[in-house]
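Everything below concerns the one structure shown next.
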Amino acid sequence: TSMLVKEETRERIIAILKESDSLREACRYDESLKLLKKALSLSKRAAYLDGLIDSTLSIADVYRIKGIYDKALDNYSEVMQLADAIGFERTKADAMLGLALSLKAQGFWQEGLINIRKAFTIYKRNNDKKGIAFSLWAEGATLRVKGDIRKAIDKFTQAKRLFSSMVHE
């Protein structure tokens, strides 16, 4: 059946996603995007939902990093809808945070804060320390843009404390 993805197809998609992550970390965004689109295509053909969600989320991240916010927002929204439909709460929070960062970058800091706080709530409910720390950091950055330096410093301090505690675990 289409829902049972062949192991070799799944492994191939995962390998492509890992390679695209390495390219993205090396700031080779166009090459990363090309691989991500390949992974997305293979995931759609194989009806591999995890691959579809992971590649779409990564595509959104690359578009955000490149400043192509309309495409980033479209992809984050798609991931949020898919993740919501199948109950992937933490993935939905990851997409929400990316969406918020894209909104903040365009000057829509109020909408950004709303999404950051929603993502924070999901991370907190799932005891996802990394997600909590990233959302605190994103909130600090957004508050800084808003001009609320005192609250921004507080959020940065909370995030730093949490990131530091993870290093020592």
Inset, instruction - Look up atom CZ in Arg117 and atom CE in Met96, then write down how far apart they are to the nearest 0.5 Å. - result: 14.0 Å
Legend entry - Cluster check Leu101, Tyr123: I/L/V/M/F/W/Y, side chain < 4.5 angstrom: no
Just list the side-chain donor-acceptor pairs under 3.5 Å for residues 13-20, sequence neighbours left out, or say none.
unit_1 : atom_1 : unit_2 : atom_2 : d
Ser20  : OG     : Leu17  : O      : 2.8

Inset, instruction - Compare all side-chain heavy atoms of Arg125 with those of Glu89 and state whether any distance is below 4.5 angstrom. - result: yes
Legend entry - Donor-acceptor contact below 3.5 Å, side chain Ser58 vs main chain Ser55: no
Legend entry - More than 12 heavy atoms of other groups within 6.0 Å of Glu7 CD: yes
Inset, instruction - Answer with yes or no whether the side chains of Asp74 and Tyr69 bring together a donor and an acceptor at under 3.5 Å. - result: no
Legend entry - Side-chain donor-acceptor pair present, Asp61, Tyr76, cut-off under 3.5 Å: yes
Inset, instruction - Could you walk me through whether Asp50 and Arg10 pass the salt bridge (Lys or Arg N to Asp or Glu O under 4.0 Å) test, one step at a time? - result: CA-CA 9 Å; Asp50 286 356; Arg10 195 179 69 74; over 6 Å; no
Legend entry - Ionic contact status for Lys6 with Glu11, cut-off 4.0 Å: no
Inset, instruction - May I ask you to test the Arg24-Asp21 pair for a side-chain heavy-atom distance under 4.5 Å? - result: yes
Legend entry - Spacing of CH2 belonging to Trp137 relative to NZ belonging to Lys160, to within rounding of 0.5 Å: 8.5 Å
Legend entry - Between Glu111 and Asn115, a side-chain donor and acceptor under 3.5 Å: no
Legend entry - Leu52 backbone acceptor or donor facing Thr56 side chain under 3.5 Å: yes
Legend entry - Sequence-distant partners of Phe163, ring pair (Phe, Tyr, Trp, His ring centres under 6.0 Å), two or more places apart: Phe134
Legend entry - CG-CD1 distance between Leu35 and Ile59, expressed to the nearest 0.5 angstrom: 10.5 Å
Inset, instruction - Determine whether Asp30 and Lys66 make a side-chain contact, defined as any pair of heavy atoms from C-beta on separated by less than 4.5 Å. - result: yes
